[in-house]
Amino acid sequence: MKAARRRTLLFPVLAMLVLVGVVSATLVGVAWNISIAIRFGHETAELRARYIGEGKLRIGEEVSFAAEFIRQRIRSSGTQLEAALRNRVDETWRMVSLIYEREGKGLSRATLERRIIEFLRPLRYNDGRGYYFIVRLDGTELLYPVATEFEGKSVISLRDDEGKAVIADELAVVNGKGAGFVKARWKKPGSGDALYDKLSYVRVFEPLDWYLGTGEYLDELRAIDQRDAVEWLSTVRFAEDGYLFASTLDGDQLFSNGKVTVGGKSLQDLVDPNGVRIFDEQRTRIDSPEGGGFFSYSWPMLAGGEPVEKISYVTSIPEWGWIVGSGFYLGEIERLMAARRLELERELLSGVFIVVAISAFAVLAGIGLAILASRTGLRKLGASLVSFERSAAELEPIALGSDEYGELAAIAESVNRIIEARRRIEKTLEKSLAEKETLLKEIHHRVKNNLQIVSSLLSLQLGTIRDGKGAAEAIRDSWSRIRSMSLVHELMYRSTDLALVELGSYIGELVVQIRTMYVDAEGSVAIATSFEPLFLAADRLVPLALIVNETITNAFQHAFPSGRSGIVTVCGADHGDGYEIEVSDDGVGLPIDFFPERGDSLGFKLIEGLSGQISASFRYERRSPGSAFIIRLQRDDSRTGAEGSSSGDASA
């Protein structure tokens, strides 16, 4: 009867390779999808918030500018009106004085008065609106060319529709100051019995006991100013499609989107597709204590299409009873986010394809190598393993034939030496086993953490790649960071003290490696180091190494453009309560608009995150010449005690 055929070692090896490949590809794919989704969420939220913030700032500034333009127009118009009225009256007063001086001696008072009055009666200005009037100081109207029925009569008791004694007010001004302005309400020629606000300027003419004056109706002046403001503000454009709009407090249109819309449909019934009453929203904002504010609604863009969200800002001009505002559409940011979404989806598909391809290749290559290696070696390996197990169990030397593989014979010799040594050191091994197990776990823990850092660095660096040049720089930066961590393990391997590393020795080797990377590209740039004896725990050294790597690399990349020569200095000192590491250069210095707290580069994010891991603070300084980066590691009692103790043991 034939014996049952047993599985060889090849089958579980192959099965394990396939399983590891499939699981690895699945986990990497899932992690890739999650990272893409998280990154997209953060990017879109930041992009939308930044777009809205910039848009609000822009339309707020434009509306404030328009409001200030109107208020300045009102102020300057009033000032100009007063100056014009004063100049006209003063000029007329001089003409009257000239007539009085030339003809007053040869004429009677009544004749002289009639000559002056008839001289002034036909004088007009401002398209016929402006005229001159004369009143005797006893309140008798002498010249009123638009209402001659008052001439020769006492008008001192005349009052307007608000009860103001207009002639008495004018007499009070000329009797008290000799000249001045008076505001009252008067009939306007050709406008019936309605009264209108009018600003007049009067000046006494003492030789004849008169005062003469002229005035301007304020509603006509305001209408001219408003017409000019509408025509100018309606043409204002900013950004890509920004414009101003305005209406009255009653909802009557004035202008919008570059067009004068006076007389158009009232805005009071304007409603967006979601039922928002737009004019009511405007009134709510201008009736608030702030006198204006932002609100949102839906409205079609200027290019047409479906309504999109729009944010507007309005403020009021109480002097004219106007509402002025502007707005911006969020359709553009939606388009940008949609384009970014498509870009990330393409990136996701490309990444998944690469991961699957690499995993499949690794599995197939492993299977092929395993099959080739197992054909001739598994049988002898099995027999040798049985012999090894028996010798290990019985602590007896292994005896192999002359036809065994040289590798197996070498293994047998090593095992025999181990068995011999085991007999001698078994007691010593039992004593130190607990300590070695603890140390081994710590080493495994550190290696695991460092591998996680490598994975995170590569993932973050991948997100910064945009073109070929950027890819090369990203690969070089990642290689530099990985080498800085690798150097930590190399020093620990060479060191007799696995708990502490001397910073000066480590950073001296690190800067040599970085200098080698940039020697061809950056010209003649030297590195100098100066360190006091500083010892640091190994779990804090890797983050510090990455921070120092970032700052030195940044100096080579940016401080010495166009082959400029210089020196990068790295120094460290013990300040009692902690260590201070400084990386400085004598290059071109930091840009004027450089603010590290606004930094969004991968290098800055690494420095910020790694500093937090080791409870360190950092700052940038502008120097002449060059710049400096300074990181300070704060001490804590538990670590200080441990490091001080370890340092003493190492010295002994």
Side-chain angles (χ1 to χ4, degrees), residues 33-67 236-245 257 272 274 276 278 281 285 290 292-303 305-315 325-348 456 459-467 470 473-474 550 554 558 590-609 611-612 618 620:
N33 277 304
I34 293 174
S35 67
I36 291 293
I38 293 174
R39 180 151 55 94
F40 176 74
H42 290 328
E43 287 183 359
T44 53
E46 292 176 359
L47 185 62
R48 181 182 178 87
R50 184 167 61 251
Y51 184 86
I52 291 176
E54 292 174 353
K56 285 186 174 181
L57 179 62
R58 182 171 60 251
I59 65 174
E61 290 176 345
E62 293 294 336
V63 172
S64 297
F65 169 78
V236 172
R237 282 288 186 271
F238 55 91
E240 183 176 351
D241 55 0
Y243 60 89
L244 296 170
F245 58 81
N257 188 23
D272 82 344
N274 299 320
V276 177
I278 299 175
E281 292 292 324
R285 298 308 183 277
E290 293 77 14
F294 294 94
F295 65 98
S296 62
Y297 55 99
S298 296
W299 204 251
M301 297 181 66
L302 298 181
E306 294 296 322
V308 298
E309 185 178 0
K310 183 178 182 180
I311 296 177
S312 290
Y313 176 79
V314 293
T315 190
S326 182
F328 66 97
Y329 296 93
L330 299 187
E332 178 63 19
I333 188 62
E334 298 296 339
R335 185 189 66 78
L336 293 175
M337 289 191 294
R340 181 58 179 153
R341 185 182 295 108
L342 291 176
E343 181 181 342
L344 290 175
E345 288 176 355
R346 290 193 295 268
E347 182 181 342
L348 173 62
S456 299
S459 177
L460 289 171
Q461 194 70 65
L462 182 60
T464 66
I465 296 176
R466 293 295 182 270
D467 52 28
E473 293 178 354
E550 288 299 320
N554 183 70
H558 303 292
L590 297 172
I592 297 300
D593 58 349
F594 176 78
F595 299 99
E597 65 275 12
R598 302 179 187 171
D600 57 357
S601 67
L602 175 59
F604 179 81
K605 291 179 179 177
L606 282 175
I607 292 174
E608 187 177 35
S611 297
F618 67 92
Y620 288 92

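Values reported hereafter were calculated over all heavy atoms of this structure, with side chains retained and with hydrogens, waters and symmetry mates removed.
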Using the test side-chain hydrogen bond (donor to acceptor under 3.5 Å, both in side chains), find all partners of [X] that sit at least two apart in sequence or belong to another chain.
X: E62; answer: none
X: Y297; answer: S312
X: R58; answer: none
X: E61; answer: none

Between atom [atom1] of [X] and atom [atom2] of [Y], what is the distance when rounded to the nearest 0.5 Å?
X: Y313; Y: F295; atom1: OH; atom2: CZ; value: 11.5 Å
X: L330; Y: I311; atom1: CG; atom2: CD1; value: 4.5 Å
X: E550; Y: F604; atom1: CD; atom2: CZ; value: 12.0 Å
X: I607; Y: F618; atom1: CD1; atom2: CZ; value: 6.5 Å

Sub-3.5 Å donor-acceptor pair from the side chain of R285 to the main-chain atoms of T315, do we have one?
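Side chain of R285 to backbone of T315, a donor-acceptor pair under 3.5 Å: no, none is there.
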Is there a donor-acceptor contact under 3.5 Å from the side chain of N274 to the main chain of V276?
no
Show the atom names and distances, to 0.1 Å, of all donor-acceptor pairs under 3.5 Å that link a side chain in residues 46-56 to residues at least two apart or in another chain.
unit_1, atom_1, unit_2, atom_2, d
R48, NH1, E334, OE2, 2.9
R48, NH2, E309, OE1, 3.1
Y51, OH, Y329, O, 3.2

Heavy-atom closest pair (A66 atom, L244 atom, distance to 0.1 Å) is CB-CD1, 3.8 Å
Taking side-chain contact (heavy atoms from CB on, under 4.5 Å) as the test, write out the residues that go with S64, two or more places apart.
none
side-chain contact (heavy atoms from CB on, under 4.5 Å) against P307, all qualifying residues, sequence neighbours excluded:
P273, S298, P300
Test ring pair (Phe, Tyr, Trp, His ring centres under 6.0 Å) applied to F328 - qualifying residues, sequence neighbours left out:
none
